[in-house]
2 protein chains.
Amino acid sequence: MDGLPDSPVMVSVQALHRMPYYLQYLKEQQKAGVTVIAAPAAAASLDLNEVQVRKDFAAVSKTRGRPKAGFAIAELIFNIEELLGYHNVHDAVLVGAGSLGSALLCYRGFDDCGMHIVAAFDADASLAGTEIGGKKVLPADQLIEMCQRLNIHIGIIAVPVGQAQAVCDQLVAGGVLAIWNFAPVHLSTPGEILVQNENMAASLALLSQHLQEKMKI
Amino acid sequence: MDGLPDSPVMVSVQALHRMPYYLQYLKEQQKAGVTVIAAPAAAASLDLNEVQVRKDFAAVSKTRGRPKAGFAIAELIFNIEELLGYHNVHDAVLVGAGSLGSALLCYRGFDDCGMHIVAAFDADASLAGTEIGGKKVLPADQLIEMCQRLNIHIGIIAVPVGQAQAVCDQLVAGGVLAIWNFAPVHLSTPGEILVQNENMAASLALLSQHLQEKMKI
DNA sequence: TAGATTGTTAATCGATTAACAATC
DNA sequence: TAGATTGTTAATCGATTAACAATC
């Protein structure tokens, strides 16, 4: 059942997290005119282990790398993008048009990641009808209906902690399959829904801890 | 050399990432009047493995948990905050007052994480002297000097990809020990500097991939 | 006491790293 | 051919999970 030409690639969660870095690096190299890249060279540039990069490239590439040369950049880029689903764009809605929500709406670059924000929703009725970053802001009570009608798969939560779970429930009711959560709370969801937490505090934790260790010395 | 009352707690990187979630949950419980929490209860609420939570609590807590009861919430909170260095606040500077930078400047909540943004810097001279989120925006050419003078330990990079490495170098020159990088590039730094990448694309990767799998079925 | 929860020790699991033959 | 790089197989490492005695 494996080894078939189109068998699903097994990549670890950690490896998945490295993929965007490879992608960014490979595109940079491609722009510079490079067409073939060797794992050791990429590893050196990205401060990663040589074997790890080789393994990652091998896992994601559909054709084998060429000894002495490396992997074809164009193909590697295509394969990584395909793995990450960047080729078939998914529509998304954003809930919460506060400062963070607005920043996200203004951020260009999600489109390259296979995500297209269709509209924003906010509980504040006075925002309804306005535009932020070129996206329409709609009243929150239309959320479920719109998700269903437009067949939305991704919901982005950028509301305060207190409202996050309620918004989450609405998104699920609207048929959303994956939730990108910027509120620092644990959301309860049915098992088949993926919740990706973008918790600033969690990233800061590592940083703070490092600093903590440094200062002790 | 271990087992001493004040020996450094060894917590895995993954466990460190879980700490903010515990913290948030514990504070919530504390607010609700709960004073003692058992690992299994916390695990159930957070959808985590019971043993894992127990181990994490044990690792971070300075006093032992009480069988049949659990851990004292107030102490657990204190110990986690101490581990993460939230008690001695570190000053930080933010570079790049664009849409993301502004959102970060307006975000209240970093102070709870032991981080205090002192000022923002931007290459756009017309922003100099203005205030965003109550923080002064200063011209970029004062960056190194200010970091040195104010003894800043944390630098936040919210500039476009093209300028990120240059800003990073300036921060390091200014004596910064840890960098929180929001630009989707790999930054080269001396070994002792910690770079914490907040790469939206990397988080999106997991989400996209999950969706990719879902849609295939 | 009985029952639940902790702490400890061992087993499992998975990812990273190392070693080396195969290949261009 | 010689040398560099790949792919594969095995070893190492670390984290998670399981099992069970100790404790309140």
Side-chain angles (χ1 to χ4, degrees), chain A residues 2-3 5 7-19 21-22 25-26 29 34-73 75-76 79-80 83 202 205-206 209, chain B residues 2-3 5 7-19 21-22 25-26 29 34-73 75-76 79-80 83 202 205-206 209:
Chain A
D2 62 287
S7 66
V9 194
M10 273 315 291
V11 181
S12 72
V13 174
Q14 281 96 321
L16 266 181
H17 269 115
R18 286 191 292 271
M19 291 302 159
Y21 290 92
Y22 294 140
Y25 171 75
L26 293 171
Q29 292 297 304
V34 186
T35 58
V36 176
I37 193 89
S45 296
L46 295 168
D47 287 335
L48 292 172
N49 183 292
E50 192 176 309
V51 186
Q52 190 175 57
V53 175
R54 178 149 39 107
K55 208 194 108 287
D56 287 343
F57 282 6
V60 87
S61 177
K62 286 208 169 135
T63 59
R64 316 181 114 223
R66 288 228 313 274
K68 172 90 174 148
F71 295 81
I73 285 197
E75 204 184 327
L76 216 43
N79 289 153
I80 293 178
L83 169 74
L206 262 186
Q209 220 271 342
Chain B
D2 63 285
S7 65
V9 194
M10 271 318 290
V11 181
S12 71
V13 174
Q14 280 94 323
L16 265 181
H17 269 115
R18 286 191 291 271
M19 290 303 161
Y21 289 92
Y22 294 141
Y25 171 76
L26 293 171
Q29 292 297 304
V34 186
T35 58
V36 176
I37 193 89
S45 296
L46 295 168
D47 287 336
L48 291 173
N49 182 292
E50 192 176 309
V51 186
Q52 189 174 58
V53 175
R54 178 147 42 104
K55 209 195 110 280
D56 286 343
F57 282 7
V60 87
S61 177
K62 286 207 169 132
T63 59
R64 315 183 115 225
R66 288 228 313 274
K68 171 95 172 139
F71 295 81
I73 285 198
E75 203 185 327
L76 217 42
N79 289 152
I80 294 178
L83 170 74
L206 262 186
Q209 221 271 342

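All values derive from a computational prediction rather than experimental measurement. Note on naming: letters A, B, ... go to the chains in the order of the sequence lines (proteins, then strands), and numbering restarts at 1 for each one.
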Subject >> Value in whole Å for how far the P atom of dT5(D) lies from NZ of Lys68(A) >> reply: 7 Å
**OP:** Using a cut-off of strictly less than 4.0 Å, decide whether Asn49(B) has a side-chain nitrogen or oxygen near OP1 or OP2 of dT16(D).
**Re:** no
Original post:
What integer distance in Å separates Arg54(B):CZ from dG7(C):C1'?
Top reply: 7 Å
Subject >> Heavy-atom closest pair, residues Ala69(A) and Ala38(A) >> reply: O-CB, 3.5 Å
**OP:** Please say which of Leu46(A), Leu76(A), Ile37(A), Val60(A) ends up in a side chain to side chain contact (heavy atoms under 4.5 Å, CB included) with Tyr22(A).
**Re:** Leu46(A)
Original post:
Looking only at side-chain N and O atoms, does Arg18(B) come under 4.0 Å of OP1 or OP2 in dT16(D)?
Top reply: yes
**OP:** Nearest whole angstrom, please: distance from the C1' of dT23(D) to the CZ of Arg64(B).
**Re:** 9 Å
**OP:** State whether the side chain of Asn79(A) and the backbone N or O of Ser61(A) hold a donor-acceptor pair below 3.5 Å, judged by distance alone.
**Re:** no
Subject >> Listed nucleotide nearest any side-chain atom of Ser12(B), set dT6(D), dG3(D), dT16(D) >> reply: dT16(D)
**OP:** Once you apply the 3.5 Å cut-off to both distances, tell me the Watson-Crick or G-U wobble partner of dT23(C), or none.
**Re:** dA4(D)
Original post:
What is the nucleic acid contact for Phe71(B), judged by heavy atoms within less than 4.0 Å: base, sugar-phosphate only, or nothing?
Top reply: sugar-phosphate
Original post:
Which whole-number value in Å describes the distance from His17(B) NE2 to dT16(D) C1'?
Top reply: 17 Å
Original post:
When the distance from CZ of Arg66(B) to C1' of dG3(C) is rounded to whole Å, what number comes out?
Top reply: 16 Å
Subject >> Between dT17(C) (P) and Gln52(A) (CD): distance, integer Å >> reply: 5 Å
Original post:
With a non-hydrogen cut-off below 4.0 angstrom, is Ala39(B) in contact with a base, only sugar-phosphate, or nothing?
Top reply: sugar-phosphate
**OP:** With DNA chain C as reference, determine whether Val51(A) or Ala69(B) sits nearer its 5' end, using the nearest nucleotide of each.
**Re:** Ala69(B)
Original post:
Expressed in angstrom and rounded to an integer, what is the separation of Gln14(A) atom CD from dC13(C) atom C1'?
Top reply: 13 Å
Subject >> Nucleotide paired to dT9(D) in any strand shown, Watson-Crick or G-U, under 3.5 Å >> reply: dA18(C)
Original post:
Minimum heavy-atom separation for Ala205(A) to Leu16(B), with atom names?
Top reply: CB-O, 4.0 Å
**OP:** May I have the distance from Asp56(A) (atom CG) to dT17(C) (atom P), rounded to whole angstrom?
**Re:** 10 Å
Original post:
What's the closest nucleotide to the Pro67(B) side chain, out of dT23(C), dC24(D), dT17(C)?
Top reply: dC24(D)
